[in-house]
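In what follows, a single structure is set out as structure tokens and then discussed.
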2 protein chains.
Amino acid sequence: MIDRIQRLTAYRRSLERLKAAGILRVTSGLLAEASGTSASVVRKDFSVFGLQGKRRGGYGISEVLEGISTILEGVSRQGVVLVGCGNLGQALLRYAGFSGDGLAITAGFDTDPARINRRGKPPILPPGEMSRVISETGATIAIIAVPDFAAQETLNRLAELGIRGILNFAPVHLHAPAGTHVRNVNLEMELEGVAWLASLPAGAPDKEDA
Amino acid sequence: MIDRIQRLTAYRRSLERLKAAGILRVTSGLLAEASGTSASVVRKDFSVFGLQGKRRGGYGISEVLEGISTILEGVSRQGVVLVGCGNLGQALLRYAGFSGDGLAITAGFDTDPARINRRGKPPILPPGEMSRVISETGATIAIIAVPDFAAQETLNRLAELGIRGILNFAPVHLHAPAGTHVRNVNLEMELEGVAWLASLPAGAPDKEDA
DNA sequence: ATCATATTGTTCTCCTTGTCACAATATAAA
DNA sequence: TTTATATTGTGACAAGGAGAACAATATGAT
Ligand SMILES: NC(=O)c1ccc[n+]([C@@H]2O[C@H](COP(=O)([O-])OP(=O)(O)OC[C@H]3O[C@@H](n4cnc5c(N)ncnc54)[C@H](O)[C@@H]3O)[C@@H](O)[C@H]2O)c1
Ligand SMILES: NC(=O)c1ccc[n+]([C@@H]2O[C@H](COP(=O)([O-])OP(=O)(O)OC[C@H]3O[C@@H](n4cnc5c(N)ncnc54)[C@H](O)[C@@H]3O)[C@@H](O)[C@H]2O)c1
């Protein structure tokens, strides 16, 4: 189910590109090609979410985009904070693409005084202000980009403060209390996966994608 | 199958931590707890890869680590280049964790002259030198961290130069020639997934993880 | 030495998810 | 209008992986 939800994000991106190119309708096959899945998956996804097309002319891009926005309405109306503004954290903090989904990072936190910057576009604050900022902004999502040894304590703190969803970049498994959901992005694992695919004999069949 | 391979990386990390803590043997349950899977999965993974334990005392950490290294031997002996040294690219370039797996980034490339730095720890070079560097270092893996509109042409170029595996961070689906494997990391999709989990009613059952 | 028990290795089942197939149907052409 | 056809919507099917269960067995205790 979460895969379907996540694919909506990919569909939206592809549809916006097509719309910007002046196209009004898409077939499941065309959208599949653009977003990297299969026509069957597109149709079933749309079917599950009640997005309807026309038996011949495909799906109306504007209508589908509107439908996706409606579905993700409540999902994307959540504040996001980021903990750990180092190499990776800063990159995420500066990234504009998230706000396209409505999910904008409202503040960053870091223990290193040298990283504090209260006037930043998203400000970077000391962790002592997490409690205040989270309750003031009503943030419910957090990104963890601290070193691995600090990740679990960071999660504990965030969970106490009412954070309900966490995207964790530290390459460790975190233990979360019931009701707090953790999703891991482990780039080492991803790179290793690519390396394995690349090491396969040339004639091997394809079965990847993410 | 690729999931099993990728989990090996997670197992290795957990085992190294346990080893550093002075522990000599692990049970499937303990390792599962540490690396975020289940005991059955650990046992089946190890079984598939021929990593054996003892019917009672669990698995010997050193032996398993050695086994994993052997399995990933050929996989990790590949050079990696990075194209697009912006916010995200720089973070990846500076990250030391990859070399722990043997996969070290040997060079970065960027079109922006201001980013060129030939004396960097991994140097940042103009794309014109890609051909030379890739053939000299024998790199077979690439990371794409360029803006979305430049991703496809970057892939085409890399594929021509013999790159066999690509980790793509641009939020677009790329078309690769046969024999070149692409794996996408779409952080927008990941964050949206977390947001969806967080928006679920509190009592909902768990079914996540990555 | 014998026994009790913890833990592996493997099989089997279930569940999820993508693929296939095809009937339903709207559109365009003749 | 009638017919041909492209494309959706959905039901059935298959593949794969995770989880559960259990027999095999090595270890430690008595
Ligand atoms: N940089 C990458 O490309 C990359 C790749 C894969 C994984 N990761 C993982 O992402 C995480 C961050 O990586 P990085 O390269 O940005 O590391 P980094 O050391 O550059 O940044 C970590 C930041 O976290 C801050 N910090 C430390 N403890 C903290 C705490 N308790 N609360 C708040 N802030 C704290 C530090 O001051 C620092 O600024 C690490 O777990 C790393 O393993 C990074
Ligand atoms: N920064 C993030 O946190 C983040 C998050 C999600 C996705 N992404 C994706 O990752 C990619 C990079 O993001 P970013 O924030 O680093 O962007 P960025 O603009 O900071 O960096 C892009 C870099 O690529 C270089 N570049 C452009 N065209 C090039 C080409 N043809 N060859 C070589 N280099 C080229 C640019 O000079 C620039 O330095 C984008 O596709 C973005 O959508 C980034």
Side-chain angles (χ1 to χ4, degrees), chain A residues 1-8 10-11 15 18 23-64 67-68 173 183-184 189 193 196-197 204-210, chain B residues 1-8 10-11 15 18 23-64 67-68 173 184 189 193 196-197 200 204-210:
Chain A
M1 189 58 193
I2 193 167
D3 302 325
R4 283 192 210 285
I5 293 279
Q6 292 191 220
R7 276 199 295 268
L8 286 183
Y11 295 149
L15 290 170
L18 292 168
I23 300 176
L24 297 178
R25 307 190 69 80
V26 279
T27 66
S28 55
L30 175 58
L31 182 53
E33 172 71 21
S35 46
T37 64
S38 74
S40 304
V41 170
V42 170
R43 291 206 297 276
K44 193 163 287 185
D45 284 346
F46 281 16
S47 171
V48 166
F49 291 117
L51 300 171
Q52 294 187 351
K54 287 194 177 152
R55 284 288 164 138
R56 191 149 164 180
Y59 299 88
I61 290 187
S62 298
E63 300 160 35
V64 173
I68 292 178
H173 175 244
R183 200 160 172 85
N184 298 297
M189 277 172 62
W196 180 72
L197 289 170
D206 263 20
K207 218 64 172 289
E208 345 87 48
D209 225 339
Chain B
M1 189 59 194
I2 192 167
D3 303 325
R4 283 192 211 285
I5 293 279
Q6 292 190 241
R7 276 199 295 269
L8 286 183
Y11 294 149
L15 290 170
L18 292 168
I23 300 177
L24 296 178
R25 309 190 68 79
V26 279
T27 66
S28 55
L30 175 58
L31 182 54
E33 173 70 21
S35 47
T37 65
S38 74
S40 300
V41 170
V42 170
R43 291 205 297 276
K44 192 168 290 184
D45 284 346
F46 282 15
S47 170
V48 165
F49 291 117
L51 299 171
Q52 295 187 351
K54 288 197 177 150
R55 284 285 165 144
R56 193 150 162 176
Y59 300 88
I61 290 188
S62 299
E63 301 160 34
V64 172
I68 292 178
H173 175 245
N184 298 298
M189 277 172 61
W196 181 71
L197 289 170
L200 254 39
D206 262 20
K207 220 63 173 288
E208 346 85 49
D209 224 339

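Model, not experiment: these values are computed from the prediction. So you know, we letter chains A, B, ... as the sequences are listed, proteins then strands, and number each from 1. All values below come from the heavy atoms of this structure, side chains included, with hydrogens, waters and symmetry mates left out.
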Could you tell me which residues satisfy salt bridge (Lys or Arg N to Asp or Glu O under 4.0 Å) with B:R25, sequence neighbours excluded, listed by chain and number?
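By the salt bridge (Lys or Arg N to Asp or Glu O under 4.0 Å) rule, B:R25 matches no residue at all.
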Nearest-nucleotide 5' precedence on DNA chain C, A:S40 against A:M1
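Whichever sits nearer the 5' end wins; that is A:M1.
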Starting from the 5' end of DNA chain C, give me the residue, A:S38 or B:V26, whose nearest nucleotide shows up first.
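The 5'-side residue here is B:V26.
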Does A:S28 have any side-chain hydrogen bond (donor to acceptor under 3.5 Å, both in side chains) partners at least two apart in sequence or in another chain, and if so, which?
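Once residues adjacent in sequence are excluded, the partners of A:S28 under the side-chain hydrogen bond (donor to acceptor under 3.5 Å, both in side chains) criterion are A:R43.
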For B:Q6, what residues pass the side-chain contact (heavy atoms from CB on, under 4.5 Å) criterion, not counting sequence neighbours?
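Result, side-chain contact (heavy atoms from CB on, under 4.5 Å) vs B:Q6: A:M189, A:E190, B:I2, B:R183.
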So what does A:R25 hit on the nucleic acid, given a heavy-atom distance under 4.0 Å: a base, only sugar-phosphate, or nothing?
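If one applies the 4.0 Å heavy-atom cut-off, A:R25 turns out to touch nothing in the nucleic acid.
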Of the nucleotides C:dG18, C:dT19, D:dG9, which one has an atom closest to the side chain of A:R43?
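Shortest atom-to-atom distance from the side chain points to D:dG9.
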When you get a sec, tell me which of C:dT8, D:dA18, C:dG18 is the closest nucleotide to the side chain of A:V41?
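When the side chain of A:V41 is considered, C:dG18 is the closest of C:dT8, D:dA18, C:dG18.
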Under 3.5 Å, N/O pairs linking protein and nucleotides 26-30 of chain C:
residue	atom	partner	partner atom	Å
C:dT27	O2	A:R56	NH1	2.4

Looking only at heavy atoms, what is the nearest atom pair of B:L15 and B:I61, with distance?
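Smallest heavy-atom distance, with atoms named: O-CG2, 3.8 Å.
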Pairs satisfying side chain to side chain donor-acceptor pair (under 3.5 Å), at least one member in residues 46-64 of chain A, at least two apart
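Output for this query is empty, none listed.
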Do the non-hydrogen side-chain atoms of [X] and [Y] ever get within less than 4.5 Å of each other?
X	Y	result
B:F46	B:L31	yes
A:D45	A:T37	no
B:L8	B:R4	no

Please check the phosphate of D:dA26 (OP1 and OP2 only) for any side-chain N or O of B:Y59 closer than 4.0 Å.
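No, outside the criterion.
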D:dG9 OP1/OP2 closer than 4.0 Å to side-chain N/O of A:S47:
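For D:dG9, neither OP1 nor OP2 has a side-chain N or O of A:S47 closer than 4.0 Å.
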Between CG on residue B:L51 and CZ on residue B:F49, distance to nearest 0.5 Å:
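Answer for the CG-CZ pair, B:L51 versus B:F49, is 8.0 Å.
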Terminal axes of the helix from C:dA1-D:dT30 to C:dA30-D:dT1 (five pairs each): angle between them, nearest 10 degrees:
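It works out to 10° between the end axes.
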Is it the case that C:dT19 (base atoms only) and A:K44 (side chain only) share a donor and an acceptor within less than 3.5 Å, ignoring hydrogens and angles?
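Such a pair is found, so the answer is yes.
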